[in-house]
Undergrad: 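My questions will all concern the structure given below.
We name chains A, B, ... by the order of the sequence lines, and we start the count at 1 in each one.
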There are 2 protein chains.
Amino acid sequence: MLFADLDATYLDNLLAPIDNMVFETGAVIYSEGDGHSYIYSVRSGRAKQVGYSKSGQERIVRLNGVGDAIGLEAWVDKPYQHTAIALQKMDVCRIPVNVLKRINNEVPLLSRQLFSRWEAALEQADFWITSLSTGPTRKRVIRLIHFLVDRDNVPNAIVRLLKAEDMAAMLGTSKETVSRIMSELKNIGVLRRIAPRTYICDMAALDSYEYQ
Amino acid sequence: MLFADLDATYLDNLLAPIDNMVFETGAVIYSEGDGHSYIYSVRSGRAKQVGYSKSGQERIVRLNGVGDAIGLEAWVDKPYQHTAIALQKMDVCRIPVNVLKRINNEVPLLSRQLFSRWEAALEQADFWITSLSTGPTRKRVIRLIHFLVDRDNVPNAIVRLLKAEDMAAMLGTSKETVSRIMSELKNIGVLRRIAPRTYICDMAALDSYEYQ
DNA sequence: CGAGTCCTTGAAATGGATCAAACGCTGTGG
DNA sequence: CCACAGCGTTTGATCCATTTCAAGGACTCG
């Protein structure tokens, strides 16, 4: 997907060094501080990027899904700033940065794609700050559910949530508080469980509930 | 500074459309949603980038100083995502994006500079999440002071702080809480006021205080 | 010097963290 | 098919941190 702008047959010559890889749930894709120079493109599944404080507390700074590029800092020759961990079984392709640079020299259209991935990462980070790290916890949880909803099925959307501990690490709160708010939402009928960590969400009720 | 990699005389032809501008304290550099296509490069002074929630509450998502480029989203043809406001009298130069693109076509070295600005913005956003939006408020304030310290003067550094309301908007807390913690730090002798909003900070004491 | 802005402090009420214990679900092996 | 281990969730109770409202005081800048 990173190569959306490029000619398909032309690519095959260049893409030989690219590996398709599979990561199981919980597998570490890369670790903070690693100096290896790969950018990863997600083909399926979801990953979290986490930072650890000195006290060992973990904070999730980004969530990545299909089409996202992760480990972009390698492009500017920086060690990875976070640890990337698969939340589900994932298909990713691992692209050496020097290959990317070679492609970029011959076909500058690539850098357009790279800029847009970069912009997406920044936009997500800003969302994290303004929506997941601001205001009372209940509002944060509600905004998080919004974020996780598979768009386009309204008014009753299907949401695949994460385990409480991960949601807490996204919101900068404790797992107990997340659990309590989830209970609340289930009791009022905003969320209805249909499978493990999967719910049907009444979007209208969710929105109106935020403004109480 | 954006043109650090480029030849000086070569530039003069291209840079004619660039305006040098001055913004007074509180002046709006651009507003969220504006579609104008300029990138601004800071020559002196500091600016805040703020996002407003529906309730009108403001959250500062970034702070920019000398050498920073702001309004980068214009490069990928997006409207500005935040409102940029001068915190002090500022000198900035305003560069039309189409000029940048022209320069970039002829001298691809420019895009290296742009990527690195983009990376800096993302790094700051991540710092905001992990350091200014995580953990108890006292720790956040301490990390914020660290961030604002003019590096290189140790062990007693000079810090130019912001008004309490702005610091609160950076930390996602209330101005009263910020004020209380500041009082605490002054009482213990970690901070010593030498001018309006300017303090001498005993860095060692500050650090050891964080771990209580 | 005065107007306005910003800071400080108090007291009450709330919200959230933490510790601890019980519960429920899921997948495994007998 | 059932029982059990392990993980994750739920819930309660207590304590602490933070918000909020309100008022007084200090500082800054014209």
Side-chain angles (χ1 to χ4, degrees), chain A residues 24-26 48 53 55-60 85 87-89 132-142 144-145 159-188 191-199 209-210 212, chain B residues 24-26 48 53 55-60 85 87-89 132-142 144-145 159-188 191-199 209-210 212:
Chain A
E24 298 297 328
T25 304
K48 60 178 176 182
S53 72
S55 52
Q57 203 194 2
E58 105 170 31
R59 174 92 204 224
I60 298 179
I85 298 175
L87 290 171
Q88 314 156 5
K89 189 175 174 180
L132 303 188
S133 307
T134 303
T137 308
R138 186 183 296 105
K139 288 195 178 186
R140 299 189 195 188
V141 171
I142 290 173
L144 173 57
I145 293 174
V159 216
R160 278 220 57 186
L161 299 180
L162 311 175
K163 58 186 188 194
E165 199 170 357
D166 280 334
M167 293 202 282
M170 295 174 76
L171 300 172
T173 184
S174 70
K175 54 182 186 297
E176 291 92 338
T177 300
V178 170
S179 169
R180 279 183 240 268
I181 293 170
M182 292 285 298
S183 301
E184 221 181 294
L185 293 173
K186 284 181 238 170
N187 286 336
I188 318 182
L191 291 177
R192 206 164 57 250
R193 208 190 98 119
I194 55 172
R197 269 166 225 158
T198 308
Y199 297 83
Y209 191 61
E210 182 171 1
Q212 277 177 4
Chain B
E24 296 298 328
T25 303
K48 61 178 177 181
S53 71
S55 51
Q57 201 192 3
E58 107 170 27
R59 174 91 204 223
I60 298 178
I85 299 175
L87 290 171
Q88 312 157 6
K89 187 174 177 182
L132 302 188
S133 307
T134 303
T137 310
R138 186 182 297 104
K139 288 194 178 187
R140 300 190 194 186
V141 171
I142 290 173
L144 173 58
I145 293 173
V159 215
R160 279 219 58 186
L161 298 181
L162 312 174
K163 58 187 187 191
E165 199 170 357
D166 280 334
M167 294 202 281
M170 294 175 76
L171 300 171
T173 185
S174 69
K175 55 182 186 296
E176 290 93 338
T177 299
V178 170
S179 167
R180 280 184 242 267
I181 292 171
M182 293 285 299
S183 300
E184 222 180 293
L185 293 173
K186 284 182 237 166
N187 286 337
I188 316 183
L191 291 178
R192 204 166 57 253
R193 208 189 99 118
I194 56 173
R197 269 163 225 160
T198 307
Y199 297 83
Y209 192 61
E210 182 171 2
Q212 278 176 3

Undergrad: With sugar-phosphate meaning primed atoms plus P, OP1 and OP2, does A/S179 contact a base, only sugar-phosphate, or nothing at under 4.0 Å between heavy atoms?
TA: base
Undergrad: Tell me, please, which residues at least two apart from A/T177 pass side-chain hydrogen bond (donor to acceptor under 3.5 Å, both in side chains).
TA: A/S174
Undergrad: Could you check whether A/T137 gets within reach of a base, just the sugar-phosphate, or nothing at all, counting any heavy atom under 4.0 Å?
TA: sugar-phosphate
Undergrad: Rounded to the Å, how far apart are A/D166 CG and D/dC7 C1'?
TA: 13 Å
Undergrad: Find the distance between CZ (B/R193) and CG (B/L161) and round it off to the nearest 0.5 Å.
TA: 11.0 Å
Undergrad: Touch check for B/R197, heavy atoms < 4.0 angstrom, all strands: base, sugar-phosphate only, or nothing?
TA: sugar-phosphate
Undergrad: What is the distance, to the nearest angstrom, from the CE atom on A/M182 to the C1' atom on C/dG16?
TA: 18 Å
Undergrad: Just call it for B/T177: base, sugar-phosphate, or nothing, with non-hydrogen atoms closer than 4.0 Å on any strand.
TA: base
Undergrad: Are OP1 or OP2 of C/dT8 and a side-chain N or O of B/K186 less than 4.0 angstrom apart?
TA: yes
Undergrad: By nearest atom, which of the nucleotides D/dT9, C/dT9, D/dT10 is closest to the B/E176 side chain?
TA: C/dT9
Undergrad: Nearest to the side chain of A/R180 - D/dT11, D/dG8, C/dG16?
TA: D/dT11
Undergrad: Given D/dT9, is OP1 or OP2 found less than 4.0 Å from the side-chain N or O atoms of A/S183?
TA: no
Undergrad: Want to settle it: does B/L162 or A/P136 sit nearer the 5' end of DNA chain C, counting the closest nucleotide to each?
TA: B/L162
Undergrad: Check whether the side chains of A/T137 and A/R180 place a donor and an acceptor atom closer than 3.5 Å, and report yes or no.
TA: no
Undergrad: Name the residue closer to the 5' end of DNA chain C, choosing between B/V178 and A/I181 according to the nucleotide with the nearest heavy atom.
TA: B/V178
Undergrad: May I ask you to verify if any side-chain N or O of B/S174 is less than 4.0 angstrom from the OP1 or OP2 atom of D/dT20?
TA: no
Undergrad: Could you measure between the two P atoms, the one in C/dT9 and the one in D/dT28, and give it in whole Å?
TA: 16 Å
